[in-house]
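Counting starts at 1 for both ligands and their atoms, in listed order. Just so we're clear, the structure is a prediction, and the values are computed from it rather than from any experiment.
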Amino acid sequence: MLFILIRRPLDLVLKNGVVTGVKVRSGNEEFVIPTKNVILATGGFAHNQKLVKKFAPEWAGLPTTTAVGSTGDGLEMAVEHGAKTAYTDVVRMNPSVHSENGVNSSLSAARAEGGIMVNLDGKRFCNDYYPDYTQLSRWLQKQKGSMAYIVIDNKAMKASKRLQGFKDKGYFLQADTLAELAKKMGVPPKALEETAKRYSEFVKNGKDLDFGRQHNLTLDFSQPPYYAVKTQPGIQVTLGGIDVNNNMQVIKKDGGFFPNLYAAGEVTYDGSFRPGPTAVGLYQGHIAAQNILRKSN
Ligand SMILES: Cc1cc2nc3c(=O)[nH]c(=O)nc-3n(C[C@H](O)[C@H](O)[C@H](O)COP(=O)(O)OP(=O)(O)OC[C@H]3O[C@@H](n4cnc5c(N)ncnc54)[C@H](O)[C@@H]3O)c2cc1C
């Protein structure tokens, strides 16, 4: 029998290390749903600052682009009952998060359309299309105010419906010249003009002599107006979590595993650092379900 749990679980009920039920609340009423097996699939913990501080303090206090339900409930629940955790300090950061009215949006599309990252001195400070987003975030964290602007021109803006959507929401500063844009950004106009001039030479010659950017080296600043969006790092995925065995059964801190408690998706650490977390999560869910079915046949 398959249960899809829509009520918020409060806790697991265990007897001699075996899960016998899940305690839930509906309105003011609390009750226990008896169960033979549980798969925890509650996602990561990026939306729970208490857990971020505890597990990945390097990134505490930063915004996150994860779903609001990434509150680490399953992780906390499992840990309370003696589950082992692994690599909870490992997170994948997004270096291009814009926060406005309590909404955190990934502006990575602006870099993908060729945008460069400049600091408050109006200068680039790294390979702004470096594939390791967490390293990019570390470089960004070292800049004044731990922030950067992504700067693009109108050619880049026109190429992306997603960016146009963000522009309509008012996320971008806009100006007809780079000097005007720099004033709005609060960076030295001469420095921004110099940065753009030097970078467009790199684009023309296909070689970034300063930071070795190889991909999406396209922004030649040929089409005004110019745009800038303020960004900072934010958590995109928490890659550690509940430790599981090959059947996705939750491993106990003191050795062994819970025979009928499984975990899948971002709530787990699965022995890899998940280049594509969604695919790995689906695979884990499949393995857990197969294992449960095998036991009940
Ligand atoms: C901006 C961004 C871009 C990404 N891009 C990619 C990509 O290109 N490729 C890729 O593979 N991955 C990507 N990811 C990561 C991927 O989206 C997540 O790792 C994946 O969605 C995790 O799936 P999940 O089912 O484990 O958790 P989630 O999708 O977070 O689902 C968990 C669910 O459990 C619910 N829940 C939590 N606690 C409780 C509770 N107590 N009671 C009831 N329900 C609860 C939550 O509300 C949520 O609905 C990206 C993430 C972000 C933020």
Under 3.5 Å, side chain of Asp153 to main-chain N/O of Lys155, donor-acceptor pair present?
-> yes
Element-labelled atoms of ligand 1 that are located less than 4.0 Å from some non-hydrogen atom of Gly276 | 11 (O)
Taking heavy atoms and a distance under 4.0 Å, where does Asp73 meet ligand 1: side chain, backbone, both or neither?
-> side chain
Mind checking who shares a hydrophobic cluster with Val187, ILVMFWY linked at side-chain heavy-atom distances under 4.5 Å?
-> Ile116, Val118, Leu120, Met147, Tyr149, Val151, Leu173, Leu178, Leu181, Met185, Leu192, Tyr199, Phe202, Val203, Leu209, Leu217, Leu219, Phe221, Tyr226
Ligand 1 to Ala264 polar contact by distance, N or O atoms, under 3.5 Å = no
Could you check whether the rings of Tyr171 and Phe166 sit parallel, tilted or perpendicular, using 30° and 60° as the cut-offs?
-> parallel
May I ask you to check whether Thr268 and Gln284 show a side-chain donor-acceptor distance below 3.5 Å?
-> yes
Asn104 versus Thr65, side-chain donor and acceptor atoms under 3.5 Å = no
Using a heavy-atom cut-off of under 4.0 Å, does the side chain or the backbone of Val237 touch ligand 1, or both, or neither?
-> side chain
Is Asn94 close to ligand 1, meaning an N/O of one under 3.5 Å from an N/O of the other?
-> no
Identify whether NZ of Lys or CZ of Arg in Lys142 sits under 6.0 Å from the centre of the six-membered ring of Phe125 and within 45° of that ring's axis.
-> no
Give the atoms of ligand 1, by number and element, whose distance to some non-hydrogen atom of Gly265 is under 4.0 Å.
-> 26 (O)
Relative to atom 18 (C) of ligand 1, which among Gln284, Met77, Glu266 owns the nearest non-hydrogen atom?
-> Glu266
Enumerate the atoms of ligand 1 whose separation from the nearest heavy atom of Thr65 is less than 4.0 angstrom.
-> 1 (C), 53 (C)
Ala41 neighbourhood, listing ligand 1 atoms whose heavy-atom distance to it stays under 4.0 Å | 32 (C), 33 (C), 34 (O)
Any chance the side chains of Thr66 and Gln236 put a donor and an acceptor closer than 3.5 Å?
-> no
